[in-house]
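Residue numbers start from 1 in every chain, and the chains themselves are labelled A, B, ... in the order their sequence lines are given, proteins ahead of strands. Bear in mind the structure is a predicted one, so any value in this text is a computation, not a measurement.
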Amino acid sequence: MSKQQEKSIGWTMPVLAAHVANDLEDGWCVNLGIGLPTLVADFIPEGKEIILHSENGLLGLGPKPAPGEEDMDLVNAGKEPITLEPGGSYFSQSESFAMIRGGHLDAAVLGAFQVSQYGDLASWKLPDKLLGRVGGAMDLTVGSKRVYLFMKHCTKTGEAKIVEKCEYPLTAKHCVDRIYTDLAIVDVTQNGLVVRQLAPGVTFDYVQERTAAPLKKGEAVTSEIESTGVQT
Amino acid sequence: MSKQQEKSIGWTMPVLAAHVANDLEDGWCVNLGIGLPTLVADFIPEGKEIILHSENGLLGLGPKPAPGEEDMDLVNAGKEPITLEPGGSYFSQSESFAMIRGGHLDAAVLGAFQVSQYGDLASWKLPDKLLGRVGGAMDLTVGSKRVYLFMKHCTKTGEAKIVEKCEYPLTAKHCVDRIYTDLAIVDVTQNGLVVRQLAPGVTFDYVQERTAAPLKKGEAVTSEIESTGVQT
Amino acid sequence: MIDKKFNLAEQAVADIQDGATLLVGGFGGSGLPSNLIAALTEQGAKNLTVVSNNIGAVSDGVAALISNNQVSKIMCSFPVGPHADDLIQRLENGKIELEIVPQGTLAERIRAGGAGIPAFYTPTGVHTELGEGKEVRVFNNREYLLEEAIVGDYAFVKADTADRWGNLVYRKTQRNFNPVMATAAKTTIAEVNRIVEVGELDPEEIITQSVYVHRLVLLDGVREGRVLINE
Amino acid sequence: MIDKKFNLAEQAVADIQDGATLLVGGFGGSGLPSNLIAALTEQGAKNLTVVSNNIGAVSDGVAALISNNQVSKIMCSFPVGPHADDLIQRLENGKIELEIVPQGTLAERIRAGGAGIPAFYTPTGVHTELGEGKEVRVFNNREYLLEEAIVGDYAFVKADTADRWGNLVYRKTQRNFNPVMATAAKTTIAEVNRIVEVGELDPEEIITQSVYVHRLVLLDGVREGRVLINE
């Protein structure tokens, strides 16, 4: 299961971010995790109002400020200067996590170290590290109405990140709803992992070889294979 | 224990309110219960800053507004129009009771149906009534740093309100610190009920006869009796 | 585009079904969503469980739903007042069940419902009639009661100003139970005196964030009655 | 007359004893009471238990107390960052004990401490390493962990503006952990950019009520450093 991936194959991260952004619904309140997931903000389609939440106590996260306009009292969960959209508001951390844990966020888009076929997530601590960085990850995964992962399909060394059972310390069990990777979009369902969409030029078998848990073909994938006659 | 009380004897309620006001310390945050205890606000000495709390979500309660100046969005816990002092602020009921229960009020001055020699309080429901009116009484009594009662020594029919054991439904156990009545000021101590001060012309025995629990003489009462030679 | 505005209170309450749990803000008449209550009396849903602090203080509050025989259970801290006669009558003949909850416990149970906390311990009510049957547990040598969260199907709240997103700003003690109830219902409906453009509310002063509000009803200046009189 | 102002940060922190539990607001450098921390490094109290969300994000935060060997226990959600080397070294040689707490649980435990709630149940951390050894209980078919309140002997908070009574107003995301920590300590010390007359703050906009703040330190415009740079 440690297959190297060709550099040129699959979606680039910005294109993948656009896929995520496209799936967010008008009016949703969404938390984008620190790092890669923040890319999604740049691809929200015109005319769709997505209210971004930042767990340090802000709704209505806007883009980065212009150079020289940074305000140290206005930062995101990654402690980077940001701006506030019209309609945005400030609140405390306890109010912010009441909002998260209380189920008021429509979706959280998060990074991952490992995700299991049952939607268990490991994202806060590597087994060989002394320290983990849990931050708000456990609250976001148990509280958000939908948890989407935004991640590379494999590690830098080619190890599968989608696995039968997480070996790394868990963030939460049964919490992930959908996995967006450079190779495919995979739903976590009661019937197991179902590939919803393949990146252009990527076959089902190619994804399965780089996944350490059994995948199923979703309806759209099956019909595309049938219509194009492309071997998977 | 059902001795009628002479109408003219003891402190009037306004004078008693002045005694309470005098015992509140500069800078204290105090909740005055609905009804009689609200009198205390009128007797806070000049130069002493007492911040009054209203459990519907307000700190810095001011006096009643002038006629015609009532604002229906600015009411006290008795749902009467009031004003806000400079320095005052508004907050929600959940924040208000977090403040109360969290021990942030220096004192609550409350009414009572009965109080026991151990400081158990009954103040929310009469045994013969279908309904009680608990409101914030239970929270105020468990949360405030000090609970002072402000009440008539006996009921209208001459029954003692200070008793060995409350017969009426309890508000909280072991919560009362001091009892202000028209006849005396009584501390609830680990050694029982101690009379701290007698109203002018009222003897210790007179109070004891109208109290259904044993009273002790406090230091000030003892020394006054000794210096004046008045029989108790 | 987000737009939570309903033109009429009747439309905003139209889908409330028999048996729903309803949180109603207000402290007496202050911050009372009386127009939503009036619309619900016309709509007629029955067997409602109503959670509200005061019952009977004013005629156009929860008392109106009780008199209209729409309520089967009440949770409140203060079930008395000049308009409580119909409640008392229905309690006596067993048509309504009453759960008296200390005010702070009521507020905290609702907060817990909105904050994803299923239960918590509180010192309030220990060794009282209202604590009977509840789990008692000792922490640091003091006794506490276990209390469970309250979640509503609907919340009726009243605020002064909203924007299109549903952010709310209150006026003075109008806040009372409104901000906490707004967080604790599947569908929160707010009646407001005015709706401003997104961006007009001071982000430091927004008390109920947009995410908590699902429907907005703008008072038309005729039906709102009690509030504008005092402005 | 109420006056909570101390002329120097050194005076406001002078009585902090060895072994005290200290809550420190801020999220990275935003809303960080760095002048109080600096004063405490000079004051020198040892064996402190420090509760703060981020450790190591900035050099003038809790990291300064760690490097100065004043800390024996840390409770935080994010113990990593460019200035965490001294923490890691002291963890490895057993000089510091670390309790990692999920951020929302940390905030809620502190809120509980300020609100008189000794313990509560939360879904966060169930079936994880951070939930090990904690009581698990089922409500409505879901598992929850029991979490206990955190109360500090002292809280260090940062706000933008105060009045003489101790009311606090924050600026933007400066709020973070500051309002909740202010409620949960026996003695709350606030460093602020300005102090205005009582009555000058908008009563609708006060976030931390006067009752929660015991001492105020006005930044003198020289030592405050990081904040005014960005104004």
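- Contacts with chain A were tallied for C:G199, C:A112, C:A184, C:G166; C:G199 has the most, counting heavy-atom pairs under 4.5 Å.
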**Request:** Would you check, one step at a time, whether the test side chain to side chain contact (heavy atoms under 4.5 Å, CB included) holds for A:L110 with A:V147?
**Result:** CA-CA 7 Å; A:L110 304 172; A:V147 173; 4.2 Å; yes

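- Here the side chains of C:S72 and C:K46 are not in contact, with every heavy-atom distance at 4.5 Å or above.
- Side-chain contact, C:N193 with C:D160: a donor N or O sits under 3.5 Å from an acceptor N or O.
- Counting heavy atoms of neighbouring residues, nucleotides and ligands inside a 6.0 Å radius, atom NZ of A:K129 does not exceed 12 of them.
- Side-chain N/O atoms of A:H153 and A:D182 include no donor and acceptor closer than 3.5 Å.
- For chain A, the option among C:D163, C:D3, C:I117 with the highest count of heavy-atom pairs below 4.5 Å is C:I117.
- Around atom NZ of C:K73, more than 12 heavy atoms belonging to other residues, nucleotides or ligands sit under 6.0 Å away.
- Of the possible donor and acceptor atoms, none in the side chain of C:E10 sits under 3.5 Å from a partner among the backbone N and O of C:A39.
- The greatest number of non-hydrogen atom pairs below 4.5 Å with chain C, out of A:G103, A:G102, A:G60, is found for A:G102.
- When C:V151, C:T183, C:I207 are compared by the number of non-hydrogen pairs under 4.5 Å with chain A, C:T183 comes out ahead.
- When atom types are taken as modelled, the side chain of C:T188 and the backbone of C:A182 share a donor-acceptor pair closer than 3.5 angstrom.
- Most heavy-atom pairs under 4.5 Å with chain A, from the set C:E204, C:E205, C:E197: that is C:E204.
- Heavy-atom neighbours of chain A within the stretch residues 133-147 of chain C, taken at a separation under 4.5 angstrom, are nonexistent.
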